[in-house]
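The structure appears right after this line, and notes come after that.
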Amino acid sequence: MNTETNAGLLSKELPREAEKGILDLAGNIVPINSDSGEEVPIAAVDSSFVVLGQDNENFYILLRSALVFRKNQNNIRVVRSGPFLLSSESSEGHFHEMEIDNILRVNETISNGIVLVDGLDLKEIESKLKSYHKNFLISVDKVFQFENMRVFSVFPKYPFVVNLKDNTFLARLSPNGFIVKLSLLNSSITEACKVLSMLIRNDELSFGYPLTLKLAHIFAKILPYEASSARLSLYMKEKVSITRKLDGRKLLLGSLWG
Amino acid sequence: MLALFGKTGQYFEILETPPDEVNIGDFLEISEVQLNRSLILQVVDVAYLSIPGELEEIMRLAKAQEIIVENEGHNTSIEQFGDEIISSKILKCKVRGALLNGHFYRSTLWVPSRYKTTVKKISTNEIKSVMGNENKIPFSIGELLSEPGGNVVVDLTKLDGSLNIILGRKGAGKSMLAKTLVKALVNNGAKCFVIDINNEYSVSHSSRNFVSLVPGKNLKFSFHSISKPVFISILQNLFNLPQSSIMEISRIWDRLKESGHLSFKSLKKEIAFAQINDYIRDALIRRLELLESSGIITDDLPEKTFIDEFRSSEGRCVSLMLRGQSSIFRKLIIQLSMNQLLESLESGSLEPIFLFAEEAHLYQDMSFWEDLVTRMRHLGLSLFFITNEPESLSKFIYRQSDSIFIFNYINDNDIAFLSKVTDLDSDSLTAFISNLPERCCLATGKITNNIPLLVKTEPLNDFKGGFTRLFFKKEYLKF
């Protein structure tokens, strides 16, 4: 079986992506051997925030994060923090700091494992990471999409990884699963292949997406009713009356076209 | 907290948030204090409030049961409001009346404002006080399902001259309710006649107010008290006597009557020696022997007739014990008893009677009961039909009914049938009766001032029968 596909061929098949730099293949497609890989702990981090509204001075933000730890396949522990109600001058509040703090915390909790984060530029935290924990950090970008939909038929159906530029990889983690874009710090394709085979071995995959990270999304998400409760709490307990962020488009065009 | 949320068709929707807890069957009052008016609603269904993100939260909660979830730094205030929002319910309510300037009206065109009104739960006693109905003879039929300890006190006089129906599945408690009513009526001096097909209305202690009649023993009918049309009708309808034989016996009856020698014995003897077709003779003799074998028809005049049992200054319950009787004899006994009872009521020689008929369709045609329902008010008869088959009673009987007690039914066909024949709307009926626990019933009609009430009936140990005999009784007792 031909397990390697020529990167140049892919660039020819997908010229638009290649032109725009979306598909800048630096190497060959390498199949991932899902049977190999040692037993390692997996952790995932995700945070979410909702802007509840604003008054004359501040934005009011609701923040929540979830850390998920998976050990020995079936042992899953979720640590939920928040929701925290914050007032801030910026609409993103302290979301970013919270996310980074959580990644660092997880990195210190496990060692020789894999830490999954949601679409974060890992260079932002590279300097803060303590190397002695020896964890592999993988940033998973689930919203990555090709303009040319033929990409799914061009790539092989089996689990593979292919190097894009700058420590960025494309991978299919389960047979017929979705293709995801991954970032790994200072990793070659061989290292990436090894780490991903460990991930496949130690985590469940849901449509090609790691379940640990999926659980982190689920438990971090702030639901609409929670935002309503927070607004109610602000009003009832703190006597703060806030207005929702104005949406000019909605105001002008109405809810149907806005 | 309770608040007026909306109105869809005939139903008002009330938002209920914790810690309030309102159940199906409870009553609510929507008041507009400034204008001195309020609506009385009854909860007929409860639904969860539809909120954005509810599905995700439920899935998340389900997932959290499979894994270990630790919460840290959570905001109790937000959590509390979140719990309130996700636990909120919508109470679907039906209008049962309105209170306008202190007067109670069954219906109103007024739709209250969502902004100016307050909603609160009210007790049944409060409803009764707003309706201003006094009980002439107060009597408790049990306690309210939603208000343990809150007795449902009704006016016993509302059963007088009325047609009442008790419905329910086997073992639901309908006989127990009937016995409670019998006991209350007897205690208040009323006369009750019970067609007791399972011998369950005899009391466990000796009481002169409760009389059990055993056919052939202390229940016999004098042949002289049976009119020719009744006797002929028995032979024709119960014993399938052909028309030619009826003509012969009719002629012999008249001949004996004229000669002043009419008796059961002489009738049998005359047939035996009459110059008639042998086939007709055999047919007549066979049927008369069958009648004789029942032991309930006698030429002697009994010391006390069945009707005499009702002639008492005190309350009395006369039950006709029919267990063990064949279908034909059961019909025969009931026909003779009812005939005498109706004759006495018609002539005015008997005080009004409360008749309890269990599974009435088993021993009389529905046309007989329909005729009785038509005449009951003039006769002085109050009727109670007790059955586990709703469709065994005719629509006519349901339409004429004054009060109805319905125990649990889960079969959709039974519920659909009842919603067609009773005054209650199908939604209320389905919500109420399909969820009723054992021994609990929906009482509605004249007895409850047309307000449907969910009642837990009172247990009664005064009567002997009515318990289910079990082969594996010992096994049940182990648990």
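A note on names: the letters A, B, ... follow the listed sequences, proteins ahead of strands, and every chain is numbered from 1.
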A:Lys221 atom NZ: more than 12 heavy-atom contacts under 6.0 Å: no
Contact class of A:Phe219 relative to chain B, heavy atoms under 4.5 angstrom: both
Nearest heavy-atom neighbours spanning B:Ile78 and A:Glu226: CG2-O, 4.1 Å
Leading residue by heavy atom contact count with chain B [cutoff under 4.5 Å; candidates A:Leu67, A:Val79, A:Leu85, A:Leu223]: A:Leu223
Portion of A:Arg64 that has a non-hydrogen atom of chain B nearer than 4.5 angstrom: side chain
Greater than 12 external heavy atoms within 6.0 Å of B:Lys456's NZ: no
Exercise: identify the closest heavy-atom pair between A:Tyr225 and B:Ile85: O-CD1, 3.9 Å
Spatial distance of atom OG (A:Ser65) from atom CD (B:Glu72) [nearest 0.5 Å]: 7.5 Å
Top of B:Glu84, B:Glu70, B:Arg60 for chain A proximity - count of heavy-atom pairs under 4.5 angstrom: B:Arg60
Residues, nucleotides or ligands: over 12 heavy atoms within 6.0 Å of B:Met1 CE: yes
Heavy-atom side-chain contact between B:Ile67 and A:Val68 under 4.5 Å: no
Inter-residue atom distance B:Glu66.CD - A:Ile76.CD1, 0.5 Å rounding: 8.5 Å
Portion of A:Leu234 that has a non-hydrogen atom of chain B nearer than 4.5 angstrom: neither
A:Tyr235, OH: over 12 other non-hydrogen atoms inside 6.0 angstrom: no
B:Phe417, CZ: over 12 other non-hydrogen atoms inside 6.0 angstrom: yes
More than 12 heavy atoms from other groups under 6.0 Å of CD on A:Glu124: yes
A:Lys237, NZ atom: more than 12 neighbouring heavy atoms under 6.0 Å: no
Heavy-atom pairs under 4.5 Å with chain A, option from B:Glu79, B:Lys63, B:Glu57 with the top count: B:Glu57
Atom of A:Pro224, atom of B:Gly53 and distance for their closest heavy-atom approach: CD-CA, 3.9 Å
